[in-house]
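Let me begin by presenting the structure, written as C-alpha cells, before commenting on it.
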Amino acid sequence: MKLTYEINKIDEFKAWSGAVETVKAIIENDKQDEFMFILEDIFPNGCTETELNDFLWFDDDFIFSALDIKQE
C-alpha cells in the first residue's frame with residue numbers, strides 16, 4: 001500500500017532515527033521555508049517518507065551547508 005500526503009513545513013513530518021536531529025536543527029534555525037525550496041528542487045515529483053527521512057539523516061552535511069546552519 002502506498003500512502004502519500006503533502007507537507008508545507010518540515011515540522012509536519014514525523015522523522016525517525018538520525019533524521020530527528022536534522023529536523024530539529026532546521027526548525028531551531030528558522031530555516032523551514034528555505035528547506036522546503038531545497039526539497040522541491042531535489043524531489044520535483046515528490047518522495048516517500050523513507051526517502052525524505054533518509055535524505056534528512058544521511059545528507060545532513062549537505063542540508064546544513066545549503067541552509068548555512070553551523071553545527072558543533
Side-chain angles (χ1 to χ4, degrees):
M1 173 176 16
K2 180 178 181 179
L3 300 174
T4 59
Y5 60 95
E6 187 171 320
I7 61 171
N8 295 308
K9 299 250 184 201
I10 196 61
D11 63 356
E12 298 171 4
F13 177 67
K14 303 301 180 214
W16 62 92
S17 297
V20 173
E21 290 301 315
T22 306
V23 170
K24 182 178 172 185
I26 292 167
I27 294 168
E28 287 176 350
N29 286 277
D30 195 29
K31 300 286 187 170
Q32 291 193 76
D33 291 336
E34 291 175 55
F35 181 66
M36 295 307 290
F37 284 119
I38 290 171
L39 287 181
E40 291 289 335
D41 284 343
I42 292 176
F43 301 108
N45 298 318
C47 63
T48 67
E49 287 183 321
T50 301
E51 289 170 329
L52 177 54
N53 198 78
D54 286 353
F55 177 63
L56 287 160
W57 188 357
F58 299 114
D59 293 307
D60 58 334
D61 288 338
F62 168 79
I63 294 167
F64 294 148
S65 176
L67 295 175
D68 197 30
I69 295 175
K70 306 294 184 236
Q71 293 293 297
E72 297 88 47

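Reckoned from all heavy atoms, side chains included, excluding hydrogens, waters and symmetry mates. We're numbering straight along the sequence, starting at 1.
Across every non-hydrogen atom of Gln32 and Ile10, the tightest pair is OE1-N, 3.2 Å. Considering all non-hydrogen atoms of both residues, Ile69 and Ala25 come closest at CD1-O, 4.0 Å.
Inter-residue side-chain proximity for Val23 and Leu56 is flagged as met; some heavy-atom pair is nearer than 4.5 Å. Side-chain contact between Glu6 and Asn8 is present, with at least one heavy-atom pair separated by less than 4.5 Å. Side-chain atoms of Glu49 and Trp16, non-hydrogen and from C-beta on, do get closer than 4.5 Å to each other. When side chains are defined from C-beta on, Asn29 does not count as touching Leu67, because their heavy atoms never get closer than 4.5 Å.
In the hydrophobic clustering of ILVMFWY residues, with side-chain heavy atoms under 4.5 Å counting as a link, Phe58 and Ile42 come out apart. Taken together through direct or relayed side-chain contacts under 4.5 Å among Ile, Leu, Val, Met, Phe, Trp and Tyr, Phe13 and Ile38 form part of one hydrophobic cluster. Linking Ile, Leu, Val, Met, Phe, Trp and Tyr residues whenever their side-chain heavy atoms come within less than 4.5 Å places Ile27 and Met36 in a single cluster.
A perpendicular orientation is assigned to the rings of Phe55 and Phe43, their planes being inclined by more than 60° (bins at 30° and 60°).
With salt bridges taken as basic N to acidic carboxylate O contacts below 4.0 Å, one links Lys9 and Asp33.
Taking CD from Gln71 and OG from Ser65, the interatomic distance works out to 11.5 Å, rounded to the nearest 0.5 Å. If you take CZ on Phe62 and OG1 on Thr22, they are separated by 13.0 Å, rounding to the nearest 0.5 Å.
Side chain to side chain, Glu12 and Tyr5 fail the donor-acceptor criterion of an N or O pair below 3.5 Å.
Remark: side-chain polar atoms of Glu51 are paired, donor with acceptor, to backbone N or O of Thr48 under 3.5 angstrom.
Among Asp54, Leu52, Asn53, the one residue that satisfies the side chain to side chain contact (heavy atoms under 4.5 Å, CB included) test with Thr50 is Asp54.
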